[in-house]
Amino acid sequence: MSIDNAFNDDDSVTGRILTTSAHLMLYGIAITIATRTCYYLGIEHWTIRVVGFLASLLYLAGVLHNSLTRLCVRCMSEVPADAGARAQCEKPVLWLNHRLSGRMGILILVAIGIEVLVRGFGLPGQVVSLPFDLLAVLYMYSVWLHHRLRPWCPYCRRWDDGGGITEPSPVPVVEATR
C-alpha cells in the first residue's frame, strides 16, 4: 500500500485514522504552543514530552496528507466561503509557506539541528529555541492554511494567464465537424 492510497482509502481503518489525524493538525499547533509554554515556564514532566511527541505525529500526518494526496471531501468542506478574500488577507503566511519549501526548508532543519547543538554548549535553552519554536508553529499553520486555500494562493501557479501551459488547444469547430 502506497502512502497515497493509505490516506485516500476511506474503506480501510488505516485510511480513516490517517485522514482524521491529518485534519487535527490545527489542534496539534495548539498542543505544541501549550507544551512549549510549559517548557519556557520551567515545567518539566514526561507527560508533557509525550503530548508534544503526539502533536508532532499530527504534524507528520498533516504534512503528508497536504503534500502527497488529493483534496479529500473533508478538505473541501473546510474551505472557507470567502477563500479568495482570505487568501489575500493571509498573503504573508502563504508567502512563508512557499519560502520554507525546498532548499529553504532544508536550511531551517539544519538551523534547528545547530540550535540543538548550541543548547548543549551552555546557552539557556529558552533563549536559543524561542525563534525556532515560533517559526515551526508558524510554518505548520502555513501548511494547514495553504492546503485549504491552495486554488486561491497568489504564490502558486498563475491560473489566469496560462501559467506555463505550453500545449496548443484544439480547435473545437474543426475537430467536431469531422
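Note: hydrogens, waters and symmetry copies are ignored here, and every other heavy atom, side chains too, is used. As the structure is a prediction and not an experimental result, all values here were calculated from the model.
Rounding to the nearest 0.5 Å gives a distance of 9.5 Å between CZ of Arg150 and CG of Asn97. Expressed to the nearest 0.5 Å, how far CD of Glu44 lies from SG of Cys38 amounts to 9.5 Å. Remark: Leu58 CG to Met25 CE distance equals 9.0 Å, nearest 0.5 Å. To the nearest 0.5 Å, the span separating SG on Cys153 from NE2 on His98 amounts to 3.5 Å.
Although no hydrogens or angles enter the test, the distance criterion places a donor-acceptor pair under 3.5 Å between the side chain of Arg148 and the main chain of Glu78. With hydrogens and angles ignored, the 3.5 Å screen pairs a side-chain donor or acceptor of Ser21 with a backbone N or O of Leu18.
Taking Ile, Leu, Val, Met, Phe, Trp and Tyr as members and joining any whose side-chain heavy atoms lie under 4.5 Å apart, directly or through other members, the hydrophobic cluster of Val79 also contains Trp152. Here Val50 sits in one hydrophobic cluster together with Trp46, Phe53, Leu54, Leu57; the rule is ILVMFWY side chains under 4.5 Å apart, joined directly or through other members.
Within the structure, the salt bridge (charged side-chain N to carboxylate O under 4.0 Å, His left out) test picks out no pair touching residues 24-34 (sequence neighbours left out). Under the ring-ring contact (aromatic ring centres under 6.0 Å, His included) criterion, the residue pairs touching residues 12-36 are His23-His65, with sequence neighbours excluded.
Linking Ile, Leu, Val, Met, Phe, Trp and Tyr whenever their side-chain heavy atoms come within less than 4.5 Å leaves Leu24 and Val143 in two separate clusters.
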*Going through the checks in order, is the side-chain contact (heavy atoms from CB on, under 4.5 Å) test met by His146 and Cys156?*
CA-CA 10 Å; His146 187 268; Cys156 286; 3.2 Å; yes

*Let me see the working for Arg36 and Leu130 under side-chain contact (heavy atoms from CB on, under 4.5 Å), right down to the final yes or no.*
CA-CA 9 Å; Arg36 297 308 290 171; Leu130 181 63; over 6 Å; no

*Show the numbers, then the answer: is there a side-chain contact (heavy atoms from CB on, under 4.5 Å) between Asp133 and Tyr40?*
CA-CA 11 Å; Asp133 287 341; Tyr40 288 115; 2.5 Å; yes

*asked:* Working note: Met140 + Trp144, criterion side-chain contact (heavy atoms from CB on, under 4.5 Å); need CA distance, chi angles, decisive distance, verdict.
replied: CA-CA 6 Å; Met140 286 301 130; Trp144 174 81; over 6 Å; no

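Side-chain contact between Ser142 and Leu94 is absent, with no heavy-atom pair separated by less than 4.5 Å. Residues Thr37 and Ile43 are not in side-chain contact: their nearest non-hydrogen atoms beyond the backbone lie 4.5 Å or more apart. Counting heavy atoms from C-beta on, the side chains of Pro80 and Leu149 come closer than 4.5 Å. For the pair Trp95 and Lys91, the minimum side-chain heavy-atom distance is 4.5 Å or more. At least one side-chain heavy atom of Val93 sits less than 4.5 Å from a side-chain heavy atom of Tyr141.
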Show me, pair by pair, the donor-acceptor contacts under 3.5 angstrom made by side chains of residues 28-35, not counting sequence neighbours?
residue: Thr32; atom: OG1; partner: Gly28; partner atom: O; Å: 2.9
residue: Thr32; atom: OG1; partner: Tyr59; partner atom: OH; Å: 2.9
residue: Thr35; atom: OG1; partner: Ile31; partner atom: O; Å: 3.2
residue: Thr35; atom: OG1; partner: Thr32; partner atom: O; Å: 3.1

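Within 6.0 Å of CZ in Arg74 there are more than 12 heavy atoms belonging to other residues, nucleotides or ligands.
Residues satisfying the ring pair (Phe, Tyr, Trp, His ring centres under 6.0 Å) test with Tyr139, not counting sequence neighbours, are none.
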